[in-house]
Amino acid sequence: MTHSLKHSVDLECSDNNRPSKLSKIEHSTHIAHEDDEEEEEKEMTQNPRNGIQRYFLAIEYIGTRFSGSQKQLTCRTVVGALEEAFAKFVGHPVSVSCSSRTDAGVHALSNVCHVDIQRTSKRKPGEVLPPHEPAVVGRAVNHFLQHDSDLTVIDVRCVPSDFHARYKALERTYFYRLLSGPEPLSTFEKDRAWHVSEELNLPAMQEACRVLVGSHDFSSFRAAGCQAKSPIRTLDELNVSEVIESLHFPSVMDREGHDKVSSDPRSYPSNSETDIPPSSSPCIDKVTTSSEDVGFGKRRRHRCLVVTARARSFLYHQVRLLVGVLKAVGTGNLTIPDVERILNAKSVTSASPMAPACGLYLGEVKYDLPTT
């Protein structure tokens, strides 16, 4: 696989760097490592400074124009943009820590960061004031992010000073969008999904998920730059489902009709004997082909398939490598025995080409948030 690590697209796994090394991380290139939560939680320290409030921020962003999430000296990044906005808000530099690193081109429906803020008086320098309310923080940061239209704070919470955005995460969910069909990709979908011109066999892809879900040695599904200590990971959920293409503004009735003919988007447990529904077909909601007349000025639709992957942590590029294999199964280039062979080979050279960045979305990071 020829792929530059400096321009790698998804960092589904987090790094091994301790909080004490954050300054070094900010000056390093964007390289992902493993989530060794149990070991690293021992090294977390509470913030001893008086009057400092830690805030949790849920953020959404379009990754196309970001060189990843982690701060870099010469590139525009998610953390860099957030720190600039916070500095304008509070009047001094702050450090933002993300729960999950994403690389250039990867989007987030909800990534989570934390930041420590000490509110001081502007009239009486040095006087510590009560912390800002979370809603005030969200509105202020979004105000200073107005020029960064592809990044928005969507929620803010107060948390204890030792509640770390990355180490306290219980699980992470990623989504990957594929648009299947021969027609050119819509301008509005550019950099938002992987366009696959071939037809995709959904039941075959679902069957492949049954092979890959659960606890395995995923050495075949981690990039060469992965610094995880162990390739063992547990996929709590891996499935492929067909969803309605939202850009065409479907009505509620359209969605209900689509749901009735689409396959059941359930996960396949590692020991499940669940069979693919016999009513499923390789093309459940067939798109209008280029040979059919839909009327002048009307775009022919693509089928939209979404891969969902959920786990506590992921290896470097694991999700994109999994999607690459699932896509190859969908097009008929790989069979189910091939998927088993790739998994058992424990070598990334056995896997299919990695899926591109544009279709990957960090969907949710789950916590057991403390009550306030």
Side-chain angles (χ1 to χ4, degrees), residues 7-10 12 59-69 76 78 102-111 148-152 154 173-202 205 239-252 254-255 257-259 261-263 265 282-309 317 319-320 322-324 326-328 330-331 352-364:
H7 299 284
S8 56
V9 177
D10 173 46
E12 294 103 333
I59 57 174
E60 63 181 10
Y61 51 86
I62 299 169
T64 306
R65 295 194 301 114
F66 286 110
S67 296
S69 61
R76 180 175 181 260
V78 173
T102 58
D103 208 347
V106 177
H107 318 294
L109 303 177
S110 181
N111 199 347
D148 290 300
S149 57
D150 42 8
L151 170 62
T152 303
I154 59 176
T173 301
Y174 283 89
F175 301 109
Y176 197 100
R177 297 181 70 231
L178 302 100
L179 294 180
S180 170
E183 292 297 317
L185 201 63
S186 166
T187 301
F188 298 102
E189 288 285 11
K190 296 281 179 67
D191 300 319
R192 304 289 196 277
W194 184 9
H195 180 209
V196 179
S197 58
E198 303 99 322
E199 186 59 63
L200 293 173
N201 187 322
L202 177 57
M205 296 172 72
N239 70 66
V240 189
S241 58
E242 184 167 2
V243 302
I244 198 163
E245 197 176 4
S246 60
L247 281 179
H248 298 278
F249 307 107
S251 67
V252 172
D254 291 333
R255 289 183 180 276
H258 184 274
D259 291 341
V261 297
S262 294
S263 62
C283 183
I284 293 174
D285 185 20
K286 191 169 181 62
V287 298
T288 304
T289 64
S290 57
S291 62
E292 298 178 35
D293 185 12
V294 296
F296 180 75
K298 293 184 178 180
R299 170 172 284 279
R300 296 172 180 83
R301 299 186 182 187
H302 295 88
R303 292 178 68 208
C304 184
L305 303 186
V306 174
V307 178
T308 301
H317 285 170
V319 174
R320 289 176 54 213
L322 289 167
V323 173
L326 293 177
K327 177 262 186 183
T331 58
S352 294
M354 187 166 57
C358 54
L360 187 64
Y361 297 75
L362 174 57
E364 181 183 9

Review point. Which pair of heavy atoms, one from L109 and one from G363, lies closest together, and at what distance?
Key: CB-O, 4.0 Å
Check your understanding: Considering only heavy atoms from C-beta outward, does the side chain of E198 approach that of S180 to under 4.5 Å?
Key -> no
Point to revise | Gap between atom CG of N239 and atom CG of L305 - 0.5 Å precision | key: 11.0 Å
Review point. For E60, which residues count as a side-chain contact (heavy atoms from CB on, under 4.5 Å) partner, sequence neighbours excluded?
Key: T152, I154
Review point. Does S186 have any side-chain hydrogen bond (donor to acceptor under 3.5 Å, both in side chains) partners at least two apart in sequence or in another chain, and if so, which?
Key: none
Exercise for review: Quick one: list whatever passes salt bridge (Lys or Arg N to Asp or Glu O under 4.0 Å) with R76, sequence neighbours left out.
Suggested key: D148, D150
**Study point:** Approximate separation, where rounding is to 0.5 Å, of L185 CG and S197 OG
**Key:** 11.5 Å
Study note, to complete from the structure: Rounded to the nearest 0.5 angstrom, the OG-CG distance for S67 and D103 is 8.5 Å
Check your understanding: Between K190 and H195, is any pair of side-chain heavy atoms under 4.5 Å apart?
Key -> no
Exercise for review: Compare every heavy atom of A355 with every heavy atom of W194, then report the nearest pair and how far apart it is.
Suggested key: CZ3-CB, 3.4 Å
Check your understanding: Hey, are the side chains of V306 and V240 touching, using non-hydrogen atoms and a 4.5 Å cut-off?
Key -> no
Exercise for review: Might you point out which heavy atoms bring R65 and S149 nearest each other, and give the distance in Å?
Suggested key: NH2-OG, 4.4 Å
Point to revise | Contacts of type salt bridge (Lys or Arg N to Asp or Glu O under 4.0 Å), residue R177, not counting sequence neighbours | key: E189
Check your understanding: Which heavy atom in R192 sits nearest to a heavy atom in I62, and how many Å separate them?
Key -> NH2-CD1, 3.5 Å
Exercise for review: Mind checking the CE-CG spacing from M354 to L360? Nearest 0.5 Å is all I need.
Suggested key: 10.5 Å
Point to revise | Basic-acidic side-chain contact under 4.0 Å: R299, E183 | key: no
Exercise for review: State, to 0.1 Å, how close A328 and S352 come at their nearest heavy-atom pair, and which atoms those are.
Suggested key: CB-OG, 3.6 Å
Review point. If you take all heavy atoms of Y61 and V106, which pair is closest and at what distance?
Key: CE1-O, 3.7 Å
Check your understanding: Out of curiosity, Y176 OH to T308 OG1, how far, rounded to the nearest 0.5 Å?
Key -> 13.5 Å
Review point. To the nearest 0.5 Å, what is the distance between OG (S110) and CD1 (I59)?
Key: 8.5 Å
Exercise for review: Could you tell me which residues satisfy ring-ring contact (aromatic ring centres under 6.0 Å, His included) with Y361, sequence neighbours excluded, listed by chain and number?
Suggested key: H107
